[in-house]
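First up is the structure itself, then whatever we jot down about it.
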Amino acid sequence: MPVLSIDAESDTGIPKSPCDELPLETMEELEHTCPHPWSTIIAPAPFAEETTYECKAPHEKLTITQARIGTPVDRPVRVYADGIFDVFHSGHARALMQAKNLFPNSYLLVGVCSDDLTHKYKGFTVMNETERYEALRHCRYVDEIITDAPWTLTPEFLEKHKIDFVAHDDIPYSSAGSDDVYKHIKEAGMFVPTQRTEGISTSDIITRIVRDYDVYARRNLQRGYTAKELNVSFINDKKYRFQNQVDKMKEKVKNVEEKSKEFVYKVEEKSHDLIQKWEEKSRDFIGNFLELFGPDGTWKQMFQERSGRMLQTLSPRESPTGSPIRERSPSRSPSPTLPWIHNKSSPTSPKGASASISSMSEGDEDEK
């Protein structure tokens with residue numbers, strides 16, 4: 001593992017810039033031409049080869065305290081973060097966001113290791129190096145991409161890219177025969193820790209895919225991938241396709257059930273509305289019926305009024321009490337009257353009728 005050499009004039013272990021050897025007059029005339037952070041996000045982050053970084057101004061050593069109060073004012077603080085960044089996810093983005101916001105004016109360089117180096121020290125990746133480079137270029141926090149980054153940071157690499165600080169989580173990273181590949185960076189005072197995001201990592205994502213392999217294999221077969229492309233055997237191919245057909249049938253049955261439930265719900269809703277309207281109409285009907293035919297209804301009053309008129313029409317009017325009584329003429333004999341005509345309340349028997357007739361005949365004989 002390369003270790004930073006301690007310079008005779010500096011006990012920090014950080015290599016001096018070549019600009020430190022320039023005469024004082026030349027140093028005062030030079031100005032920093034360091035790239036500055038992107039003010040607007042209108043394009044992917046450039047690669048280190050495209051920036052043509054050739055700043056001749058002296059790159060003085062900064063402490064963390066100085067960087068946090070905003071010095072130096074003539075250039076940004078250059079922060080470096082490296083990694084594999086396979087299957088780029090939110091945990092990677094959050095780590096880069098923390099690195100970008102460590103200081104008020106930061107320029108974030110991100111180093112991405114190549115496929116050969118990654119396969120040698122860590123294992124096979126899902127994405128190749130080109131895909132991983134492009135994924136990082138489109139992260140909003142990244143200002144510059146360094147391709148084929150070293151596994152262990154060397155003094156030459158730090159000097160070449162004028163790196164002020166290295167950002168990474170504080171957990172010791174054992175690899176390449178070292179207990180912690182960032183140990184010499186920490187000892188030099190250039191290490192700034194970031195926090196890991198719990199619950200998300202590339203290994204977790206790969207574990208989900210391996211655990212649910214059958215589900216994803218069937219998914220891709222259904223989307224048009226061949227068994228050869230998925231490295232699936234003939235038997236498994238037929239099994240997965242049969243399971244897909246079964247799932248389609250289940251989905252159809254489920255859709256029919258949902259539509260049936262929806263139809264029943266609509267029918268119940270409409271029937272409820274109809275019943276409610278019927279109840280309202282029935283109340284109105286019953287109320288109108290009672291108004292017409294109830295004990296005190298309009299129809300009874302009309303019937304009583306008409307009955308009274310009919311009775312008044314049919315019954316004879318009584319004569320006035322003050323009218324004179326007409327005397328019967330002596331020449332005329334009083335007309336015989338039948339007693340049962342005036343006595344309406346008591347019916348006459350045949351015996352009573354014959355007795356009255358005989359008395360009438362006797363009276364006629366006396367007159368003669």
Side-chain angles (χ1 to χ4, degrees), residues 1-20 27 31-39 45 48 51 53 55 57-83 85 91-112 136 139-146 149-174 178-197:
M1 179 184 67
V3 179
L4 290 175
S5 60
I6 305 299
D7 189 81
E9 298 179 0
S10 175
D11 57 354
T12 60
I14 304 303
K16 291 184 178 181
S17 172
C19 299
D20 295 340
M27 293 174 60
E31 294 182 359
H32 280 285
T33 58
C34 302
H36 285 266
W38 294 84
S39 58
T51 59
Y53 176 52
C55 181
H59 197 80
E60 64 277 6
K61 174 73 171 68
L62 294 177
T63 64
I64 295 178
T65 304
Q66 291 174 335
R68 284 178 175 169
I69 63 176
T71 57
V73 295
D74 55 347
R75 70 171 180 86
V77 179
R78 295 174 66 82
V79 180
Y80 176 79
D82 60 358
F85 301 105
H92 294 141
R94 288 177 62 86
L96 296 176
M97 178 187 69
Q98 295 177 58
K100 177 68 174 176
N101 292 283
L102 287 172
F103 309 108
N105 185 21
S106 298
Y107 185 85
L108 182 59
L109 302 94
V110 179
V112 184
L136 266 297
C139 178
R140 62 184 297 184
Y141 311 111
V142 178
D143 296 305
E144 185 176 320
I145 299 294
I146 300 176
W151 199 260
T152 302
L153 301 179
T154 63
E156 294 77 17
F157 180 82
L158 297 173
E159 180 182 351
K160 176 183 177 181
H161 296 282
K162 301 294 185 290
I163 296 171
D164 293 311
F165 299 101
V166 177
H168 200 274
D169 62 81
D170 201 18
I171 301 174
Y173 193 84
S174 59
S178 173
D179 294 335
D180 188 2
V181 296
Y182 297 103
K183 181 179 180 180
H184 60 292
I185 303 296
K186 294 176 181 177
E187 292 175 350
M190 296 177 61
F191 186 85
V192 184
T194 57
Q195 299 296 322
R196 292 179 64 90
T197 302

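The chain is numbered in sequence order, starting from 1. Worth saying up front: this structure is predicted, and the values here are computed from it rather than measured. Reckoned from all heavy atoms, side chains included, excluding hydrogens, waters and symmetry mates.
- Of all the heavy atoms in G111 and F85, the pair that sits closest is O-CE1, 3.8 Å.
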Practice item. Given side-chain contact (heavy atoms from CB on, under 4.5 Å), test I185 with L158 step by step and report yes or no. Key: CA-CA 10 Å; I185 303 296; L158 297 173; 3.9 Å; yes
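- N101 approaches M97 most closely through the heavy-atom pair ND2-O, 2.7 Å.
- A heavy-atom distance below 4.5 Å is not found between the side chains of V166 and V192.
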**Study point:** side-chain contact (heavy atoms from CB on, under 4.5 Å) between H92 and L136, intermediate numbers included
**Key:** CA-CA 9 Å; H92 294 141; L136 266 297; over 6 Å; no
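- The minimum heavy-atom distance between F165 and G189, with the atom names listed, is CE2-O, 3.9 Å.
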Exercise for review: Could you walk me through whether D82 and Y182 pass the side-chain contact (heavy atoms from CB on, under 4.5 Å) test, one step at a time?
Suggested key: CA-CA 11 Å; D82 60 358; Y182 297 103; 2.5 Å; yes
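- Scored by the side-chain contact (heavy atoms from CB on, under 4.5 Å) test, P193 finds D170, F191 as partners (sequence neighbours excluded).
- Between the side chain of S178 and the backbone N or O of D180 there is at least one donor-acceptor pair closer than 3.5 Å.
- For the atom pair CG (L62) and CE (M190), the distance works out to 10.0 Å, reported to the nearest 0.5 Å.
- Taking CD1 of I146 as the start and NZ of K160 as the end, the distance is 8.5 Å to the nearest 0.5 Å.
- L96 is listed as a side-chain neighbour of L108, based on a closest heavy-atom distance under 4.5 Å.
- Applying the side chain to side chain donor-acceptor pair (under 3.5 Å) test to R68 and every residue at least two apart in sequence or in another chain returns nothing.
- Between E60 and R75, the shortest heavy-atom contact is O-NH2, 3.3 Å.
- Remark: side-chain polar atoms of E159 are not paired, donor with acceptor, to backbone N or O of E156 under 3.5 angstrom.
- Nearest heavy-atom pair, A67 versus V77, reported as atom, atom and distance to 0.1 Å: CB-CG2, 4.0 Å.
- A distance-only check finds no donor-acceptor pair linking the side chain of E144 to the backbone of V110 [under 3.5 Å].
- Counting heavy atoms from C-beta outward, I64 and F103 have side chains that approach closer than 4.5 Å.
- Across all their heavy atoms, P150 and L153 have their closest contact at CG-CD2, 4.2 Å.
- Y173 pairs by the ring-ring contact (aromatic ring centres under 6.0 Å, His included) definition with nothing, not counting sequence neighbours.
- Partners of Y141 by ring-ring contact (aromatic ring centres under 6.0 Å, His included), not counting sequence neighbours: none found.
- For the atom pair OH of Y80 and NZ of K162, the computed distance is 15.5 Å after rounding to the nearest 0.5 Å.
- Inspection of the Y107 and D164 side chains reveals no N or O donor paired with an N or O acceptor under 3.5 Å.
- R196 meets the salt bridge (charged side-chain N to carboxylate O under 4.0 Å, His left out) test with D169; sequence neighbours excluded.
- Every residue meeting the side-chain contact (heavy atoms from CB on, under 4.5 Å) condition with A167, not counting sequence neighbours, appears here in chain and number order: V79, A99, L102, T194.
- Salt bridge status for D143 with R78: absent, with no side-chain N to carboxylate O gap under 4.0 Å.
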